[in-house]
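Quick caveat, the model's predicted, so the values are computed rather than measured. Values below: all heavy atoms of this structure, side chains included; hydrogens, waters and symmetry mates excluded.
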2 protein chains.
Amino acid sequence: MNIGEVAERSGIPPKTIRYYEDIGLVRPQRSGNGYRAFREIDLHKLAFLGRARALGFSIEDCRNLLSLYEDETRESAQVKTIAEEHLGAIDDKIAQLQEMRETLSHLVEACRGDHRPDCPILKDLSGALAGCKPTTGRSAD
Amino acid sequence: MNIGEVAERSGIPPKTIRYYEDIGLVRPQRSGNGYRAFREIDLHKLAFLGRARALGFSIEDCRNLLSLYEDETRESAQVKTIAEEHLGAIDDKIAQLQEMRETLSHLVEACRGDHRPDCPILKDLSGALAGCKPTTGRSAD
DNA sequence: TATAGGGCTTCCAGTCACTGGAAGCTCAAG
DNA sequence: CTTGAGCTTCCAGTGACTGGAAGCCCTATA
């Protein structure tokens, strides 16, 4: 298989596949003409990577997951640990975004959004210093 | 004020402040010795930026928000538009993460996490090709 | 056989928002 | 006069691609 077909079937763009080869995630053979020659197993690996990336795993996680996948002596605990850590990171990210969302949606609701310059969003942003460190020891206490 | 004090008071690291100057978000004056000389208004701007960044606005959004802030003839609708678009992006991101979270948490729950190699997480990942394009027109239908 | 096109190759650069580090100047204290 | 902290610039790296240029390969058609 050439890279085009693999890209088509795995859903991963050719550029990305080449990049994955660059960083050693896949090692396709080469045909006489210099083209990459992918076997079914390479395709399989790429699909694996695509799925793992879609679940938000980092490339390094993917690398580890892939090597566990190929390791017959793996322990499922190793996989679970990676997944649990990633899940935790996702939860953190969601929490952070929800906090942003919360604040921002209040501000958006409060803003009339008309032709007047008056704006609670800008007011909030410009009031940022209030919560910061004071001038030099002395503050508007 | 030197960069150190501004960093302290705005909560933005010196490196980042220099970067913001590089990309034209702040334009501190210079002292005779070549040091950046920040005025209160620069500090204020930096705090504004810090707050906007904390709400997840991109640098380009920040640039626009800042210029609206300084524009007395702005219309709050302009600000609101930026904020609403950002809010929409946050919502998309949250939805995407929650979908990941959903799938991943099911997989994690299903994985025993013991010393055996058997693992539903890897099984899911390796089954990724199933949902993809078939060989060449002909599939395991 | 010539040519046109599409697919493949490599390499370089850019994205976003910083961040680390090196080399070197300035300043205040002792 | 030295020490050390703070400041300066510049260069490079992060993560995970992505775009583009220059050029080779292969097939189909005129």
Side-chain angles (χ1 to χ4, degrees), chain A residues 1-38 42-43 45-46 48-66 85-86 89-90 93 96-97 100 136, chain B residues 1-38 42-43 45-46 48-66 85-86 89-90 93 96-97 100 136:
Chain A
M1 268 179 290
N2 283 348
I3 200 167
E5 188 184 343
V6 179
E8 178 81 7
R9 288 176 60 194
S10 67
I12 299 175
K15 277 273 183 188
T16 303
I17 296 176
R18 291 192 194 102
Y19 171 68
Y20 286 171
E21 185 188 10
D22 260 14
I23 62 174
L25 285 181
V26 278
R27 301 180 198 284
Q29 300 178 317
R30 295 286 175 144
S31 312
N33 58 12
Y35 285 18
R36 287 170 183 81
F38 296 85
D42 297 314
L43 173 60
K45 273 198 200 181
L46 285 165
F48 183 105
L49 289 169
R51 175 82 175 136
R53 293 287 301 131
L55 287 177
F57 285 103
S58 72
I59 289 287
E60 277 321 294
D61 279 348
C62 289
R63 197 189 296 280
N64 293 325
L65 289 171
L66 206 47
E85 270 173 29
H86 180 44
I90 288 177
K93 190 118 238 177
Q96 188 194 351
L97 285 170
M100 284 181 189
T136 304
Chain B
M1 268 179 289
N2 283 349
I3 200 167
E5 188 184 342
V6 179
E8 178 81 7
R9 288 176 61 193
S10 67
I12 299 175
K15 277 272 183 189
T16 304
I17 296 175
R18 291 194 194 101
Y19 170 68
Y20 286 172
E21 184 187 10
D22 260 14
I23 62 174
L25 286 180
V26 279
R27 302 180 197 284
Q29 299 177 320
R30 295 286 175 145
S31 312
N33 58 11
Y35 286 16
R36 287 168 184 82
F38 295 86
D42 297 314
L43 173 59
K45 272 198 201 181
L46 285 165
F48 182 105
L49 289 170
R51 174 83 175 135
R53 292 289 299 131
L55 287 177
F57 285 103
S58 72
I59 289 287
E60 276 320 294
D61 279 348
C62 288
R63 195 189 298 279
N64 293 326
L65 289 170
L66 206 47
E85 270 174 29
H86 179 45
I90 288 177
K93 191 120 238 176
Q96 189 194 350
L97 286 169
M100 284 181 190
T136 303

Asker: Any side-chain heavy-atom pair from I23(B) and R63(B) closer than 4.5 angstrom?
Answerer: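 The answer is yes, as the side chains (C-beta and beyond) meet within the 4.5 Å cut-off.
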
Asker: Roughly, in whole Å, what's the span from CE in M1(B) to C1' in dC7(D)?
Answerer: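 M1(B) atom CE is separated from dC7(D) atom C1' by 16 Å.
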
Asker: Using whole Å, what does the distance between atom C1' of nucleotide dC8(C) and atom CD of E5(A) come to?
Answerer: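 For the pair E5(A) CD and dC8(C) C1', the rounded distance is 14 Å.
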
Asker: With axes from five pairs an end, tell me the bend angle of the helix from dT1(C)-dA30(D) to dG30(C)-dC1(D), nearest 10°.
Answerer: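 Taking five pairs per end, the axes differ by 30°.
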
Asker: Using whole Å, report how far CG of N2(B) lies from C1' of dA28(C).
Answerer: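 From N2(B) CG to dA28(C) C1': 13 Å.
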
Asker: Testing D61(B), I59(B), T16(B) one by one against R53(B) for a side-chain contact (heavy atoms from CB on, under 4.5 Å), which residue passes?
Answerer: I59(B)

Asker: Are any of R30(B)'s side-chain N or O atoms less than 4.0 Å away from OP1 or OP2 of dT9(D)?
Answerer: yes

Asker: Base, sugar-phosphate, or nothing: which does F57(B) touch, judged by heavy atoms less than 4.0 Å apart?
Answerer: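 Touches nothing.
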
Asker: Taking N33(B) for its side chain and Y35(B) for its backbone only, find out whether a donor-acceptor pair lies under 3.5 Å.
Answerer: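 Answer holds: yes.
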
Asker: Given dC26(D), is OP1 or OP2 found less than 4.0 Å from the side-chain N or O atoms of N33(A)?
Answerer: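 Yes, because at least one side-chain N or O of N33(A) sits under 4.0 Å from OP1 or OP2 of dC26(D).
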
Asker: Is there side-chain contact between P28(B) and I17(B), with heavy atoms separated by less than 4.5 Å?
Answerer: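 No, too far: nothing below the 4.5 Å cut-off.
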
Asker: Do F48(A) and L65(A) come within less than 4.5 Å of each other through their side chains, counting heavy atoms only?
Answerer: yes

Asker: 5'-most contact on DNA chain D: K15(A) or S58(A), nearest heavy atom basis?
Answerer: S58(A)

Asker: How close or far is atom P of dA16(D) from atom CD1 of I12(A), stated in whole angstroms?
Answerer: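 Spelled out: CD1 on I12(A) to P on dA16(D) is 14 Å.
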
Asker: Check each residue of residues 59-66 of chain B for a non-hydrogen atom within less than 4.0 Å of any atom in DNA chain C, then write out the ones that pass by number, or none.
Answerer: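 Heavy-atom cutoff 4.0 Å gives I59(B).
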
Asker: Name the residue closer to the 5' end of DNA chain C, choosing between G32(B) and A37(A) according to the nucleotide with the nearest heavy atom.
Answerer: A37(A)

Asker: Can you tell me the distance, in whole Å, between the OH atom of Y19(A) and the P atom of dT15(C)?
Answerer: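 Whole-Å distance recorded here is 18 Å.
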
Asker: How close or far is atom P of dC18(C) from atom CG of L49(B), stated in whole angstroms?
Answerer: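 Rounded to whole Å, this separation is 9 Å.
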
Asker: How would you list, by chain and number, every residue that makes a side-chain contact (heavy atoms from CB on, under 4.5 Å) with P14(A), sequence neighbours excluded?
Answerer: I3(A), A7(A), R18(A)

Asker: Any side-chain heavy atom of L25(A) within less than 4.5 Å of one from L49(A)?
Answerer: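 L25(A) reaches L49(A) side chain to side chain.
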
Asker: Can you find a side chain N or O atom of R36(B) that sits less than 4.0 Å from OP1 or OP2 on dC7(D)?
Answerer: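 So the side-chain polar atoms of R36(B) never come under 4.0 Å of the phosphate oxygens OP1 or OP2 of dC7(D).
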
Asker: Determine: side-chain N/O of Y20(B) to OP1/OP2 of dC18(C), distance under 4.0 Å, yes or no.
Answerer: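 Yes, because at least one side-chain N or O of Y20(B) sits under 4.0 Å from OP1 or OP2 of dC18(C).
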
Asker: Is there a side-chain contact (heavy atoms from CB on, under 4.5 Å) between I90(A) and H86(A)? Walk through the geometry before answering.
Answerer: CA-CA 6 Å; I90(A) 288 177; H86(A) 180 44; 3.5 Å; yes

Asker: Over how many whole Å does the gap from I17(B) atom CD1 to dG20(C) atom P extend?
Answerer: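 It is 15 Å, rounded to the nearest whole Å.
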
Asker: More than 12 non-hydrogen atoms from neighbouring residues, nucleotides or ligands closer than 6.0 Å to CZ on R30(A), yes or no?
Answerer: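 Count over threshold, so yes.
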
Asker: Could you walk me through whether Y20(B) and V26(B) pass the side-chain contact (heavy atoms from CB on, under 4.5 Å) check?
Answerer: CA-CA 6 Å; Y20(B) 286 172; V26(B) 279; 4.1 Å; yes

Asker: Taking the nucleotide of DNA chain C with the nearest heavy atom to each, does Y35(A) or E21(A) sit closer to the 5' end?
Answerer: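 Result of the comparison: Y35(A).
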
Asker: Contact class for R18(B) (heavy atom, under 4.0 Å): base, sugar-phosphate, or nothing?
Answerer: base

Asker: Give the rounded distance in Å between these two atoms: CG of L25(A) and P of dG15(D).
Answerer: 13 Å

Asker: Under 4.0 Å between a side-chain N/O of T16(A) and OP1 or OP2 of dT18(D), yes or no?
Answerer: yes

